[in-house]
Amino acid sequence: MTNQKFDPYINVDPGTMSPYEHGEVFVTDDGAETDLDLGHYERFTDENLTKNSSITMGKIYQEVIERERRGDYLGKTVQVIPHITNAIKEKIYAFEDSDVDIVITEIGGTVGDIEGLSMIEAIRQVGIENSVEDVIYIHVTLLPYIHGSNELKSKPTQHSAKELQSLGIKPDILVCRTELEIPENLKEKIALFCNVRKESVIANKTAKCLYEVPLMLEEEGLAREVCKHLKLEKCEPNNKSWEKLIDKIHNVSDKEITIAIVGKYIKLEDSYLSVIESLKHAGIENGVTVKPKLIDAEKITESTAKEMLKGCDGIVVPGGFGNRGIEGKIQTIKYARENNVPFLGICLGMQMAVVEFARDALNLKDANSEEFDEICENPVIHIMYDQKDVTKKGGTMRLGSYPCILKKGSIAEKLYKTNEISERHRHRFEYNNDYREEMEKNGLMVSGTSPDGNLVEIVELKNHPYFIACQFHPEFKSRPDRPSPLFAGLVKAAKLVFGDGGKNKIS
Ligand code: GLN
């Protein structure tokens, strides 16, 4: 089984978009910069996805135009139908000769969007090119709840089902997003108006915890309906491991651990989605409820740090680009370092931890990253050698999984319980080895490097309860039942150092 997300926008991938447009950019093992939904897919199915799993209309157009320029269309007029729709179908059929038996293709946007029409048309064609029992259409609709009259309204669902049918697709199943349970008579009405069987109207009720959703859908009979349609009669849903996870979630104590995420995209939680989910996974593992708190890096200065971080038990400084909020991140890290607050720095967060340490412990007052000061005297973070001549922005960073060797006896090695790991990357700048000896002498230990020892992947502080920072993004590999070791370590330290009902929180 595999998942695919089709996005109708013209960007070739979300890699160059601001997180405020589409939330975080998720990165796969093979280095694709993708829609954040791929992160959900990986966390829910525990399958690692690839470049084939994230396709935008921009990518489709780019491929078709490249073929046209090569002359592949032999003088024909190149058109949306069949050339664009064929290129879309190729992406779905790409799994035909693999060991994948089921492909779940999600089309983003809303039925009726002009930009998504050719994707809808392509999946319509897939339906007629294959046997009825080999293709199933699941339409996700909205049942708004009107507070004033205390009722669920079925009109938007009726309209989008009608719109979908006018495009030639009859939905086999409706998954209805709803705040409340759907009463039987409303399910009957939806079935009647939307041309589906009543058993195929599935409620997708807002859950307290996202990870409860698969079992809720099972209770509604989603898998039963899908298997019936696909004639997979012998298949029985096996929810055992998921039930175990939910049990574990329900048994987490009420003890709340607050972890600050100090960044610049604080108005949209989706900007840090995988970081937030990883903190939750770490909470499940440690038996505590983790409350992530987004804090605006731009508001943090040396004098406001304590007040701004009040009530927090640990701090994450996540990845990012550009200099907005940089000095606030540096002051946050200084506060964590000097006040024994458990800290995890990720990518830009690691780079800023190195800058902070250089400025304070090495007394290099002008230390910086070349990303923010190209001519600075002490570029403790500098551009990677093979990035120097790169001018194009899209898909040109160091992307995807790379191995990392962990130092014997380090916190990193203890947490990962091995000395070779593989994590996902997305960066252009790196730790400058010219400063390595001096940094290590002063206590910022290099505890993870590339196998040749040249690229610094992890640094950690001695004599601190938990101060660790990595060049990679551990949040992309965290799973609800297998948290990222670096996040698990952070929450464990926060619980030990500050936890205990919060009596020692930053006050
Ligand atoms: N801007 C930094 C770089 O390109 C960090 C990137 C990130 O945090 N993902 O190296």
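Side-chain atoms are counted along with the backbone in the values below, which use heavy atoms only and exclude waters and symmetry mates. Everything numeric here is computed off the predicted structure, so don't read it as measured data. Counting from 1, the numbers follow the sequence of the chain as shown. We count ligands from 1, going down the list as the structure has it; atoms in each ligand are counted the same way.
- A salt bridge does not link R424 with E475: every distance from a Lys NZ or Arg NE/NH1/NH2 to an Asp or Glu carboxylate oxygen is 4.0 Å or more.
- Within ligand 1, the atoms closer than 4.0 Å to a non-hydrogen atom of G319 are 8 (O), numbered from 1 in the order shown.
- The proximity of H473 to ligand 1, defined as any non-hydrogen pair under 4.0 Å, is limited to the side chain.
- Within the model, atoms OG1 of T206 and CD of E212 stand 11.5 Å from one another, a figure rounded to the nearest 0.5 Å.
- Contact annotation for E371 and ligand 1: only side-chain heavy atoms (C-beta onward) come within less than 4.0 Å of the ligand.
- Distances below 4.0 Å separate heavy atoms of H427 from the following atoms of ligand 1: 3 (C), 4 (O), 10 (O).
- Contact atoms of ligand 1 toward R426: 6 (C), 7 (C), 9 (N) (distance under 4.0 Å to a heavy atom of the residue).
- Heavy-atom contacts of C347 reach the following atoms of ligand 1: 5 (C), 6 (C), 7 (C), 8 (O), 9 (N) (cutoff under 4.0 Å).
- Residue, atom and distance of the protein heavy atom nearest to atom 10 (O) of ligand 1 are F429 N, 2.9 Å.
- By the 30° and 60° cut-offs, the orientation of the rings of F26 relative to F476 is perpendicular.
- Between H425 and H427, the ring planes are tilted. Angles from 30° to 60° get that label.
- Q471 and Q351 share a donor-acceptor pair across their side chains, judged by distance under 3.5 Å alone.
- For atom 4 (O) of ligand 1, the closest non-hydrogen atom of the protein is R428 N, 3.0 Å.
- Salt-bridge annotation for K477 and D29: present, with a side-chain N of the basic residue lying under 4.0 Å from a carboxylate O of the acidic one.
- Ring pair Y20/Y265 is perpendicular by interplanar angle, where above 60° counts as perpendicular and below 30° as parallel.
- Here the side chain of D296 pairs a donor or acceptor atom with the backbone of E298 at under 3.5 angstrom.
- In terms of protein heavy-atom proximity, atom 5 (C) of ligand 1 is nearest to G320 O, 3.4 Å.
- Ligand 1 has a nitrogen or oxygen under 3.5 angstrom from a nitrogen or oxygen of L348.
- For Q351, the closest heavy-atom approach to ligand 1 falls below 4.0 Å.
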